[in-house]
Amino acid sequence: MTEFPRIELASENALILYLDKHTSETVAATIAALLPQIRVALGDNLLDLIPSYNSILVQYHPLKTDHFRMRAQLKALLKAQSDKELNNEQGELVRLPVWYSEESGPDLAHLAEQAGLSVDDVIALHEQTQYRVYAIGFAPGFAYLGEVDERIAAPRLATPRKRVPTGAVAIADRQTAVYPAPSPGGWNLIGLCPQLMFDKSASPPMPVRVGDRVQFYHIDKDTFLRLGGKMETFR
Amino acid sequence: MSGIVIENPGMLALLTDQGRMGQAHLGLTTGGPMDPFAFTLANALVGNPTNATVIETTLGNLSVRANKDILIAVTGAPTPLQIAGQPCALWQRHSVKKGQVIEIGAPTEGLRNYLAIGGGLTVDAEFGSTSTVLREGIGGLRGQKLQQGDTLAVGQSATPHRDCALPQSAIPTYHADAPLRLVTGYQYEQFSVTSRSRFFNSQYRISDQADRMGYRLTGPAIPAASRALLSEGIALGAVQVPADGQPIILLNDRQTIGGYPKLGSVLAMDCARLSQWRPGTTLSFEPISIEQAHNLLHLHHAKLTRLLQQLEQHHE
C-alpha cells in the first residue's frame, strides 16, 4: 500500500507532495501550515507553489538547485510537521455576506425541493458551516470551499449556464464557491455575494487564501446593494 | 510617446515578457513566450534586458509602423520579413527609420515569431508581468490580443547601430525531428505496464485543438489510470490522459489545477519545440530520468550563455 505523506516527481523542476489519499480538515490545516514553511526553507530556489485538496506542487529553479536537495528539504519539513500539534484554527476566518433569495439565486427553490427542505433551511444549513478553502484555480480567484452539509449537496446542472455572473454563490456536490468573474458554469446558484473574490486593483487581490476558513452570513437586498452588489439577470 | 503602431495584427499577436511566476496561488497561470529560446535571442539581438516585452505572433501576418527610429530583431519560425518593402533576414538586428513598416509574413514552417524592439515595449505589468493570457484577461493591453491601431511606447535603447546576427549554426530548425522527452511522474506508477508501453511506442498526431493552453493529441488510446482524482497543481508540459485516452500536453496558458491522471511532464525545452509544430504533425515520446533532464537543462543553459556572451561583445 502507498504510504502518506509522499513526494513524487512532477516535472524537470517540480515535485508534488501528497499529504493523504483524500482531503479532510486535518489535511487542509496541514497544507496551510506547510506553505509558509516551504516558502522560508526554499527561499530563492522556489518559483511557485500550487496548493490543492490533498497536495502541494512545488516548482523550483532547476539551475540553482536540484531535485535531490529539494526532496530532502521537503522531507525534513514534512517530518517536522508530523511531530507538531495541529491546530484546527489554522488559517484566517473570513466572513462573506450573501443575499440568498430566489431573485438572486435561481436554483435555490429547486435545490430546496430536491432536498425536501424549506428554502430557509437550505440557507441556514449553508451559513452554519465554516468551510475550508481547499483549492484556488479553474479561473483567477475561483476558490473551492468545502464541505457543505450533505443534506444540501446537489449535483451539477445537466445543462451548464452559458453565463454565471460575478458574485454568484453556488453549490456543486459537497463544494461551494463564489464566482470571481462571469463565466460558463454548471453549479447550482443560491445567492449573490457583493464582496469581489478577485480584484486586480486590490491588495491583496483575493479575500481568502488556501487553508483559510470561510463562513457565509445572510443579508437582505438593500444591504447587498449598499455593499456595492449589482443586480444580475439569470438565464 | 508612441514608438510603434499596429497596422495589421494578423491572427494572434500578443505582448509577452518571460511570464508570470509566483501567482499560482491566485489561480493565475504563467503565460509567457511559447518558444523561450527565440524570445530570449530576439531581446539579446537588440541589446535588451532579458525580461523586456516583445510581440509574439502565431502564423505571422503582422505589420507594424515605426513612429521613430528604432532597432528591431525578429526570431522564431522561418518567415518572410520585410522592412520598407525590402526582404530582411531573421535572427539579426535591423534599423528601422521613422515611418517605415515592418512586415512579418506567414511562416513557411513552424508557427511563432518574436519581434523585439531596442529599449523594449513599455507596458504596465499586471501581477508582476506584462504577459498576455487571453483566458484570464490579464496582461498585455486590456488583457487582449493586439488590435489594429494599437500604439505602444518604446523604451530608451542603449544599443549602437552595428551589425549583430546570430551565427547560422545556432539557428534552430522547426520541424518535428526527435521524440519529446518526458520526465515520468505524477500518476505514472498507476498506469499499467501495457498502457505505458503503448504510450512510448506509438505515434501521436497534433489535433486541431492545439493552442497556448495545451495540445490535444490523437492516436492509440491510453486506458486511464483512475477516474476521480482530486484536482492538483499542473506543471508545464504535464501529459494528462482524460477518459477518452487521448493525451493532452499542457502548455504556458494551462489552468493551474486539474484532476486528470498524468504520466509525467515533457521537458520545457521540448515544449518549446512542440509549440512550433502545427496541427497534423506526428510525434512520439521518450522517457528520460530526472538526472538526464537536469543534465540537458544545464547543457542548454551553458550553450545559451555562450551565445549571449558572443552577442554582448557585438554590443560593446
Side-chain angles (χ1 to χ4, degrees), chain A residues 2 7-18 20-23 27 35 39 46-59 61-63 65-68 70-71 133-144 180-183 197-198 200-201 204-206 208-211, chain B residues 19-30 126-127 133 135-138 143 181-190 229-239 250 255-259 262 264-271 288-294 296-298 300-302 305:
Chain A
T2 321
I7 304 173
E8 297 281 349
L9 276 177
S11 82
E12 73 200 49
N13 72 336
L15 290 165
I16 186 160
L17 274 60
Y18 292 106
D20 206 341
K21 191 169 172 34
H22 305 286
T23 188
V27 169
L35 293 173
R39 283 200 181 93
L46 182 68
L47 282 179
D48 220 337
L49 283 178
I50 311 183
S52 193
Y53 294 90
N54 61 338
S55 65
I56 305 174
L57 184 79
V58 182
Q59 293 172 280
H61 204 300
L63 295 170
T65 184
D66 60 68
H67 80 290
F68 289 119
M70 289 295 98
R71 195 185 277 268
V133 181
Y134 280 118
I136 292 171
F138 167 62
F142 195 100
Y144 292 85
S183 82
M197 294 302 282
F198 185 74
K200 286 202 272 195
S201 56
M206 287 189 68
V208 300
R209 292 174 302 181
V210 167
Chain B
R20 194 168 282 110
M21 296 309 297
Q23 306 294 338
H25 60 285
L26 301 171
L28 290 168
T29 195
T30 46
E126 282 193 303
F127 298 97
V133 178
R135 182 170 52 79
E136 297 173 346
I138 299 280
R181 291 158 293 184
L182 178 117
V183 176
T184 58
Y186 278 118
Q187 288 77 37
Y188 184 69
E189 297 298 329
Q190 294 172 33
L229 184 68
L230 288 169
S231 279
E232 61 186 24
I234 303 175
L236 176 70
V239 178
L250 294 160
Q255 293 184 356
T256 53
I257 58 172
K262 291 173 278 299
S265 299
V266 172
L267 277 191
M269 65 177 95
D270 284 1
C271 290
I288 62 165
S289 70
I290 184 70
E291 290 79 12
Q292 286 172 304
H294 279 212
L296 288 165
L297 267 172
H298 281 278
H300 179 75
H301 182 69
T305 307

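Protein chains get the first letters and strands the later ones, always in sequence-line order, with residue 1 at the start of each.
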Non-hydrogen atoms of chain A under 4.5 Å away: do they reach the side chain of Val266(B), the backbone, both or neither? backbone

Check whether Thr65(A) gets within reach of chain B through its side chain, its backbone, both or neither, counting any heavy atom under 4.5 Å. backbone

Which atoms of Phe127(B) approach chain A - backbone, side chain, both or neither, heavy atom under 4.5 Å: side chain

Name the member of Arg209(A), Lys200(A), Met206(A) that forms the most heavy-atom pairs with chain B at distances under 4.5 Å. Lys200(A)

Examine whether an atom of Glu189(B) lies under 4.5 Å from a heavy atom of chain A, and if so say whether it belongs to the side chain, the backbone or both; otherwise answer neither. neither

Which atom of Thr30(B) lies closest to which atom of Met21(B), heavy atoms considered: CG2-SD, 3.3 Å

Side chains of Glu232(B) and Tyr18(A): donor-acceptor distance under 3.5 Å anywhere? yes

Considering non-hydrogen atoms only, spot the tightest contact between Ser231(B) and Ile257(B) and give its length. CB-CD1, 4.2 Å

Counting only heavy atoms closer than 4.5 Å, note whether Ala235(B) contacts chain A via side chain, backbone, both or neither. both

Given that the side chain runs from C-beta out, which part of Thr184(B) has a heavy atom under 4.5 Å from chain A: side chain, backbone, both or neither? backbone

Under a 4.5 Å heavy-atom cut-off, does chain A meet the side chain of Ile234(B), its backbone, both or neither? backbone

Do Val208(A) and Met197(A) pass the side chain to side chain contact (heavy atoms under 4.5 Å, CB included) test, and can you show the C-alpha distance, the side-chain angles, and the key distance before you say yes or no? CA-CA 8 Å; Val208(A) 300; Met197(A) 294 302 282; 4.1 Å; yes

Answer with side chain, backbone, both or neither: which region of Pro62(A) has an atom nearer than 4.5 Å to a non-hydrogen atom of chain B? both

Between Leu57(A) and chain B, with a heavy-atom cut-off of 4.5 Å, which part of the residue counts as in contact: side chain, backbone, both or neither? side chain

In terms of heavy-atom pairs under 4.5 Å, which option from Leu63(A), Val58(A), Leu47(A), Ile50(A) contacts chain B the most? Leu63(A)

Comparing Leu296(B), Leu182(B), Leu267(B), Ile288(B) against chain A, the one with the most heavy-atom pairs below 4.5 Å turns out to be Leu267(B)

Tightest non-hydrogen contact, residues Glu126(B) and Gly137(B), listed as OE1-O, 4.5 Å

Cut-off 4.5 Å, heavy atoms of chain B, and the answer for Tyr134(A) is neither

Ranked by heavy-atom pairs below 4.5 Å to chain A, first place among Gly258(B), Ala268(B), Gly237(B) goes to Ala268(B)

Taking Arg181(B) for its side chain and Met269(B) for its backbone only, find out whether a donor-acceptor pair lies under 3.5 Å. no

Kindly indicate whether the side chain of Tyr186(B), heavy atoms from C-beta on, has any atom under 4.5 Å from the side chain of Glu8(A). no

Given that the side chain runs from C-beta out, which part of Gln59(A) has a heavy atom under 4.5 Å from chain B: side chain, backbone, both or neither? side chain

Part of Ile16(A) lying under 4.5 Å from any heavy atom of chain B: side chain

Would you give the length of the straight line joining atom CG of Asp48(A) to atom CD of Gln23(B), rounded to the nearest 0.5 angstrom? 7.5 Å

Does Ser55(A) offer a backbone N or O that forms a donor-acceptor pair with the side chain of Ser52(A) under 3.5 Å? no

Does Pro140(A) reach the side chain of Leu26(B), with side-chain heavy atoms less than 4.5 Å apart? no

Between His298(B) and chain A, which part of the residue has a heavy atom less than 4.5 Å away: side chain, backbone, both or neither? both

Ignoring hydrogens and geometry, is there a side-chain-to-backbone donor-acceptor pair from His294(B) to Glu12(A) under 3.5 Å? yes

For Ala14(A), is it the side chain, the backbone, both or neither that has a heavy atom under 4.5 Å from a heavy atom of chain B? side chain

